[in-house]
S.K.: 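Supplied in structure tokens, the structure appears directly below.
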Amino acid sequence: MSLHRLDRVQARRIAIGAQLLDAPRPVDLLAVVHRLTFLQLDPTAAVAPSADLVAWTRLGDRYQPVHLTQALEVAFTLFEHRAMVRPMADLGLYLAEMAAWPPPGGKAGTWLEANDRFRGDILQLLGRSGPLLSRDIPDRSQVPWPSTGWTNDRNVTQMLALLAARGEIAIAGRRGRQRLWDLAARVYPTGATAVPAEEAVRMRDQRRLESLGVARASVVGEAGEPAEIEGTSGEWRVDPAAIGKPFAGRTALLSPFDRLIHDRQRILELFDFEYVLEMYKPKAQRRWGYFALPVLHEDRLVGKVDATADRKNSLLRVHAIHQDIPFTGVITSAVHAELRALASWRGLELVVAGQGNSA
């Protein structure tokens, strides 16, 4: 197997294209989730929920949050598992892992064994009356869940999470922000077949590399082919199908959870871009903002936008635009165009600090 030698521009373009952040935009939500392999769910919605923001960054105004809800709860082309939305076509790649979970001897497995009757009660109740909210399920645990944190004695929610991780139950939908639980057999397709565990790991590594384009072996195993990238040390893995593809860039505002920038070491090596999600820092210690959006322009990460959605006043407030490299007029115009598009998509009026309102 030959060793590919890439310069950093080539590597960046491979990574951007793999994440569907080049031009033209894709047009189908399911195709986007299939390529990315998942959308991460997170309750933080300073601008928009991350899953929605990631989808909008790819699809633009073609995407509305209702499309994700319909795919999860009506068409069942996507499924939610452990705070990730994945293509239902990938379910078989996770069934073997679910069946083997939790590992023996650990806290979760020991607690599950001690509460086998409680587990059976929940499965029977869901079988008769599901889907149900967690508050509709009585706590009949034999042993309380021990924790020094917020999960202490939250026996129903812990058991539901464990049963979902095992693939015995699944999230059938939501009522507001609350999850509706049901037997997995009524949510997952009939006859879904588990791919053997070792093969599933190999296939997931390959899918992950296709979604990233280029990554370290610690992330994607032996998927793809070996590569060296100019200006970096050590070996990378690259998707050979992505090498040499034509590239047309665009401008995008990224969620802090976006997979292009999720691996902070990778973006430092490939993009010379430093980023830290600062919502956990005291306000006085933040450099870029509570939920700053990294800015992609063409094949560079060029800055961060500190913005929040003020839903009470129907405003998208841009507190600051931080430039990692000096913005040209073209970059400035492109960033403001994306901000206007983001505000419009959220049904908000754009307000940029120091500039008044912008339509």
Side-chain angles (χ1 to χ4, degrees), residues 16 18-21 25-91 93-94 161 164-165 170-181 187-188 204 207-208 210-212 252-264 267 275 277 279-280 289-296 304-305 307-309 311 316 338-339 341-348:
I16 292 165
Q19 279 286 297
L20 303 177
L21 288 165
R25 291 176 184 266
V27 298
D28 178 72
L29 175 62
L30 183 58
V32 167
V33 182
H34 179 78
R35 167 55 75 88
L36 303 186
T37 74
F38 66 87
L39 297 177
Q40 180 176 345
L41 299 174
D42 187 90
T44 308
V47 174
S50 184
D52 292 324
L53 185 55
V54 168
W56 174 81
T57 300
R58 275 72 180 175
L59 295 162
D61 289 343
R62 295 185 182 94
Y63 173 75
Q64 294 297 326
V66 68
H67 299 157
L68 182 57
T69 301
Q70 290 170 344
L72 285 166
E73 300 180 18
V74 180
F76 293 102
T77 52
L78 302 175
F79 71 99
E80 179 181 340
H81 181 66
R82 304 188 81 167
M84 305 290 183
V85 171
R86 299 187 183 275
M88 192 66 81
D90 283 356
L91 175 63
L93 300 180
Y94 296 90
I171 298 168
R174 289 179 181 266
R175 188 176 298 165
R177 293 188 175 184
Q178 300 298 308
R179 292 171 291 189
L180 284 163
W181 300 93
V187 178
Y188 297 154
R204 281 156 48 184
R207 295 266 290 110
R208 192 176 303 115
E210 290 170 359
S211 77
L212 295 172
L253 305 174
L254 306 180
S255 164
F257 299 106
D258 197 289
R259 303 317 282 185
L260 182 69
I261 56 95
H262 180 78
D263 185 335
R264 310 304 194 213
I267 61 168
Y275 183 79
L277 178 57
M279 66 183 187
Y280 303 110
Y290 176 83
F291 200 73
L293 309 179
V295 179
L296 174 70
K304 296 103 176 169
V305 171
T308 54
R311 296 167 187 84
L316 178 65
E338 281 300 294
L339 285 168
L342 176 59
S344 175
W345 173 65
R346 296 292 287 144
L348 305 172

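Keep in mind the model is a prediction, meaning the values are calculated, not measured. This chain uses plain numbering: 1 for the first residue, then up along the sequence.
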S.K.: OG1/Thr77 to CG/Asp28 distance, rounded to the nearest 0.5 angstrom?
M.R.: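 Result: 8.5 Å between the selected atoms.
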S.K.: Nearest 0.5 Å, please: how far is CE in Met84 from CG in Leu78?
M.R.: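 Result: 14.5 Å between the selected atoms.
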S.K.: Could you tell me whether Asp258 and Arg58 have a side-chain N and a carboxylate O separated by less than 4.0 Å?
M.R.: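 Yes, Asp258 and Arg58 are salt-bridged.
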S.K.: Using side-chain contact (heavy atoms from CB on, under 4.5 Å) as the criterion, point out the one residue from Asp61, Val66, Leu59 that pairs with Tyr63.
M.R.: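 The single option meeting the side-chain contact (heavy atoms from CB on, under 4.5 Å) with Tyr63 is Leu59.
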S.K.: Looking only at heavy atoms, which two atoms of Arg207 and Pro87 are closest? And how far apart?
M.R.: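 Closest approach of Arg207 to Pro87, heavy atoms only: NH2-CG, 4.2 Å.
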S.K.: To the nearest 0.5 angstrom, please state how far the CD1 atom of Ile16 sits from the CG atom of Leu296.
M.R.: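 That separation rounds to 5.0 Å.
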S.K.: Might you work through the side-chain contact (heavy atoms from CB on, under 4.5 Å) test for Phe38 and His81, ending with a clear yes or no?
M.R.: CA-CA 10 Å; Phe38 66 87; His81 181 66; over 6 Å; no
S.K.: For Ala51 and Leu41, work out which heavy atoms get closest and say how close.
M.R.: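 The answer is CB-CD2, 3.9 Å.
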S.K.: Under 30°, 30 to 60°, or over 60°: which ring-plane class applies to Tyr188 and Phe79, parallel, tilted or perpendicular?
M.R.: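 Tyr188 and Phe79: perpendicular rings.
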S.K.: Between Arg25 and Thr57, is there a donor-acceptor pair closer than 3.5 Å when you use the side chain of the first and the backbone of the second?
M.R.: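 Checked: pair present.
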S.K.: Do Leu293 and Leu342 have side-chain heavy atoms sitting under 4.5 Å apart?
M.R.: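 A side-chain contact exists here, since the closest heavy-atom pair is under 4.5 Å.
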S.K.: Is the shortest side-chain heavy-atom distance between Ile171 and Val187 below 4.5 Å?
M.R.: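 No - every pair of side-chain heavy atoms lies 4.5 Å or more apart.
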S.K.: Determine whether Val54 and Phe257 make a side-chain contact, defined as any pair of heavy atoms from C-beta on separated by less than 4.5 Å.
M.R.: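 The answer is no; the side chains never approach within 4.5 Å.
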S.K.: Do side-chain atoms of Gln19 reach the backbone of Leu212 as a donor and acceptor pair under 3.5 angstrom?
M.R.: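 No; zero donor-acceptor contacts below 3.5 Å.
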S.K.: Which heavy-atom pair separates Ala292 from Pro256 by the least distance, and what is that distance?
M.R.: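 Distance-wise, the nearest heavy atoms are O-CG, 3.5 Å.
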S.K.: For Phe291 and Ala46, which heavy atoms make the closest approach, and how far apart are they?
M.R.: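 Here Phe291 and Ala46 meet closest at CB-CB, 3.6 Å.
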S.K.: Would you say that more than 12 heavy atoms from the other residues, nucleotides or ligands in this model lie under 6.0 Å from the NE2 of His67, or not?
M.R.: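 Count over threshold, so yes.
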S.K.: Please confirm whether the backbone N or O of Val47 pairs with a side-chain atom of Arg346, one donor and one acceptor, at under 3.5 Å?
M.R.: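 The answer is yes, because a donor-acceptor pair under 3.5 Å joins these two groups.
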S.K.: Rounded to the nearest 0.5 Å, what separates atom CG in Leu68 from atom CG in Leu30?
M.R.: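 Atom-to-atom, Leu68:CG and Leu30:CG are 11.0 Å apart.
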S.K.: Looking at CG of Asp52 and OG1 of Thr69, how far apart are the two atoms once the value is rounded to the nearest 0.5 Å?
M.R.: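 Output value for this atom pair is 7.5 Å.
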S.K.: Between atom CE of Met279 and atom CG of Asp42, what is the distance when rounded to the nearest 0.5 Å?
M.R.: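 Separation between the atoms: 5.5 Å.
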S.K.: State whether the number of non-hydrogen atoms from other residues, nucleotides or ligands found under 6.0 Å of His34 atom NE2 is greater than 12.
M.R.: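 Counting neighbours around NE2 of His34, 12 or fewer heavy atoms of other residues, nucleotides or ligands fall under 6.0 Å, so no.
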S.K.: Using the rule given for side-chain contact (heavy atoms from CB on, under 4.5 Å), can you reason through Trp345 versus Leu316, listing the C-alpha separation, both sets of side-chain angles and the distance that settles it, and then say yes or no?
M.R.: CA-CA 11 Å; Trp345 173 65; Leu316 178 65; over 6 Å; no
S.K.: Backbone N or O of Arg177 within a donor-acceptor pair of the Arg174 side chain at under 3.5 Å?
M.R.: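 A pair under 3.5 Å: yes.
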S.K.: Check Ala172 against Phe76 and note the closest heavy-atom contact, atom names and distance.
M.R.: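 The answer is O-CE2, 4.5 Å.
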S.K.: Take Leu36 and Arg259 through the side-chain contact (heavy atoms from CB on, under 4.5 Å) test and state the conclusion after the steps.
M.R.: CA-CA 8 Å; Leu36 303 186; Arg259 303 317 282 185; 5.7 Å; no
S.K.: Taking Leu93's backbone N and O only, do any of them form a donor-acceptor pair with Arg204's side chain (distance below 3.5 Å, no angle check)?
M.R.: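 Side chain of Arg204 to backbone of Leu93, a donor-acceptor pair under 3.5 Å: yes, one is there.
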S.K.: Considering only heavy atoms from C-beta outward, does the side chain of Val295 approach that of Leu253 to under 4.5 Å?
M.R.: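 A side-chain contact exists here, since the closest heavy-atom pair is under 4.5 Å.
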